[in-house]
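Accompanying notes for the structure given below.
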Amino acid sequence: MKPLLASIFLLACAVAPAPTLANPFETKLANGLRVIVKEDRRAPTAVHMVWYRAGSMDEKDGTSGVAHALEHLMFKGTRNLKSGEFNKRVAEAGGRDNAFTSRDYTAYFQIVPKGALPEMMQLEGDRMANLKLEPKEFAAEIKVVMEERRLRTDDNPTSLVHEALNSAMFQAHPYRRPIIGWMDDLEHMTWQDARAWYRAWYAPNNAYVVVVGDVDHREVFRLAQKYYGAHKSQILPERKPQNEPEQAGIRRVSVKAPAKLPYLAMAWKTPKLRDVQQDRDPYALEVLAAVLDGHDASRFSKNLVRGSRVAQSAGAGYDGTLRGEASFTLDGQPAEGKTIADLEAALRAELKRVQDEGVSAEELARVKTQSIAAQIYKRDSLMAQAMEIGGLEAAGVSWRDIDVLLEKLKSVTAEEVQAVAKKYFKDDTLTIAVLDPQPLENSKPKKPSGAVRH
Amino acid sequence: MRTLIFILISSLSSTQAFAGVKIEHWTAPTGAKVYFIETHVLPILDVQIDFAGGGAFVPAAKAGLAGLTRGLLDAGAADMDEEKIAGRLVDIGARLGGGADSDRASISLRTLTTQPEREAALDLMRTVLSAPTFPQAVLEREKGRTIASIREAETRPDAIAGKRFAAAIYPDHPYGVSPTVDSVSAITRDDLVAFHRRHYGANGAVVSIIGDVSRAEAEAIARRLTEALPPGGAELVPPPVRKPQRAMIRIPHPAAQSHVHVGLPAISRSDPDYFPLLVGNYTLGGGGFVSRLMKEVREKRGYAYSVHSYFAPRKLEGPFEIGLQTKREQVDAALKVVDEVLTDYMAKGPTPQELAAAKKNMVDGLALRMDSNAKLLGYLSAIGFYGLPLTYLDDFPARVKAVTAEQVKAAFARHVKPENLVTVVVAAD
């Protein structure tokens, strides 16, 4: 194994941007807007993204979903642009665009031929400050959002389980609320709620721009000054910590929905990455997740799906780079003839094996190889590179630390993986959510919901 | 390592890898058709091999065979079991992908081009393609998982709608057949072995290669990957498609939203109306937020989150489909809007402004569709498998620009006939 790994490591060093080249480049405008540019001249295209550090975790009870609803409304008119014109301009430039809202942020992007970048920056700069919210547009669009909720959540049993899991796991922390919002909150949302959200959070000092592609960073900085520089910075609403009190006892919830296979999700509260240099446990937790479910030869695939055949599917996940509170999740569907209890026991047994026996050098090496290869493959996609930069920045981690994160991951030892497996997987901080499948014929359509507005 | 660092970085910053893509094409000594793009910007190699081994070549009683055959290639090969294969791939950072659709069975490899990783990855790909063992025990397990997925899908409104739509627009044709519990249960190891022997032949295989290798290396790779395959026979074509009768099918389901499909079998990949329909559909429902369906159904009325139309040409007539999901109480109102939009578009075609906007997006946006090795690999394999001209990408702008509103109208009239339109609504009141 040694020669194989050695050559991959060398390659990673070779392809990683050398510090002297300073690519990506970053600047900060006087109004607080940060601009990060990564020059990648492979093809005559560019990705332009604007990230606002305002997501569902910044919402208040009663207006859950407003961050996401506003994302929809950002495609309506501004003081300078008619409704629908934004998408039209992007399309005519040969580009495509969209946006997404998470618990931590709201982000907008356009992928365009490089010549269209100035126009995209002009458009984004305009809607950062000049959005025109109209009651009539709001009334039609909030119905679209409700349809989105029906599609993604109400008719999707796995989503319902995750919604229940989050709201059981978090009682004080805002991660308890679904990003898309509770249906009742959507029904009672007003255009003024959306306007208040926009006024509170859409400010240059709460945003950053990420551009990746066939561009010159000095030119992008100049354009950023031109199109974003005139907006005033503003005082942002206070962000209360809303830390979750320590959980003292297992929590279980179940959801009934039309389905055939049961589904199980188990989530433990774990630390997140706070100090890129000093922290150790978040890296070890990431490696643990990869040993269990990082690739085709990982333990869950090998032992639970192929080996004992207790699982139709099984997964492990940990995301330590976020603004709120982190958790480590195991989930899966029992194979036919097996029960939720069988699967839960099997998942716990896999954890116990790591606690008792640790992980092997080969498993560690595989995790490292996978993360290095993934980093190189990522360079085949402008969007993946822009997402990496933007996603880390949203969590308060600088793009400058991308290589550090990889190095830290590579430095995790077998002892550290075993130690986090012992430390964090106690029943007292565990929440379990299950899908209790109901036969179709026993299920009635839910009563009509959704306000009718004309 | 300094030299290498310097070379890689200077190439990263100065090379226009995709300006004027040059596709090289030849036939390997094994009979396989090879399509190649040389690009050294990244130290990676992508290879895909396509065979006429999709679901269209399977009898209905064994539906699921194409997917299982493809899926089990890496479940055991030569002297390796599935754990060994999975472990080896992971150790070298390589990825195997692919699957089976109606026409094609595909296997793709992404690997680093460092040695020995590249050689190990290609060896592995060759072995799983040429010497799969299809172990009985793995087959039984995977049949079980497939059946569980089918049973689960039978509860999901989107899956029910998709299967029912395919069955309705392709009566008595393999394009309309989906795997069932019975058909998967009936599949045996002998079926897999025979399907592999018949459909994974070197003669007829399409090998697409893009990445950090030379032409000479690509020639060696194509030969090496296909020389141990079964020889393969004559070109395989699915049976002819028969147009369906106009129908409205409503299926009960407790979901909050109705799932709607409207459509019919439209054109094959080689149909001369391909460009008029591609350009024309942009305005109808293919152009995302700027399409007529999106404006009328979503923007104006808030009836749906997602509404679209597309043509998906295949070896034979692939589907034209309009799809949306809407609150079940308003599905008839939404269907009425769809009908009005389609009828109006069929009668009048795109306006000059719409046509110009469609062309501008498609021509200027071509750069976006070919700005990565992964995307170009997709074009290579489509060009190879469907026998498109090597100059397809070069010709694309001129072909798009040449489309007239009259051609769009005429093409829609030829291929989207109201008397053949099938509507499927799942979760209807």
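The structure displayed is predicted, hence computed values, not measured ones. Chain letters run A, B, ... following the sequence lines, proteins first and then strands; every chain starts at 1.
- Taking A/Lys260, A/His295, A/Glu147 one by one and counting their heavy-atom pairs under 4.5 Å with chain B, the maximum is reached by A/Glu147.
- Heavy-atom distances place no part of A/Val145 under 4.5 Å from chain B, backbone and side chain included.
- Only the side chain of A/Lys76 comes within contact range of chain B, judged by heavy atoms closer than 4.5 Å.
- Side chains of B/Met294 and A/Asn87 form no contact here, defined as non-hydrogen atoms less than 4.5 Å apart.
- Not a single side-chain hydrogen bond (donor to acceptor under 3.5 Å, both in side chains) links B/His253 to another residue, sequence neighbours left out.
- Listed here is the closest heavy atom pair of B/Ala86 and A/Arg306: CB-NH2, 4.2 Å.
- With contacts defined as side-chain heavy-atom distances shorter than 4.5 Å, the pair B/Arg151/A/Glu336 qualifies.
- If you measure heavy-atom distances from A/Thr45 to chain B, the contacts under 4.5 Å come from the side chain alone.
- The shortest side-chain heavy-atom distance between A/Asp296 and B/Leu89 does not fall under the 4.5 Å cut-off.
- B/Thr155 and A/Gln438 are not linked by any side-chain donor-acceptor pair at a separation below 3.5 angstrom, with hydrogens and angles left out of the test.
- At least one side-chain heavy atom of B/His259 sits under 4.5 Å from a side-chain heavy atom of A/Leu151.
- A donor-acceptor contact shorter than 3.5 Å links the side chain of B/Glu152 to the backbone of A/Leu261.
- Side chain of A/Asp380 to backbone of B/Ala374: a donor-acceptor contact under 3.5 angstrom is found.
- Neither the backbone nor the side chain of A/Ala335 comes within contact range of chain B; no heavy atoms are under 4.5 Å apart.
- A/Asp154 places no side-chain N or O within donor-acceptor distance of the main-chain N or O of B/Ala256, the cut-off being under 3.5 Å.
- Heavy atoms of B/Leu368 lying under 4.5 Å from chain A belong to its backbone as well as its side chain.
- Of the charged side-chain nitrogens involved, at least one lies within less than 4.0 Å of a carboxylate oxygen, so that A/Glu141 and B/Arg298 count as a salt-bridged pair.
- Geometric assessment of B/Arg110 against the ring of A/Tyr377 yields a positive cation-pi assignment under the 6.0 Å and 45° thresholds.
- Panel note: side chain A/Arg366, backbone B/Asp91; no donor-acceptor pair is recorded below 3.5 Å.
- Two residues are said to be in side-chain contact when any heavy atoms from C-beta on lie closer than 4.5 Å; A/Phe75 and B/Glu299 fail this criterion.
- Between B/Glu83 and A/Lys302 no salt bridge is recorded (no basic side-chain N to carboxylate O distance below 4.0 Å).
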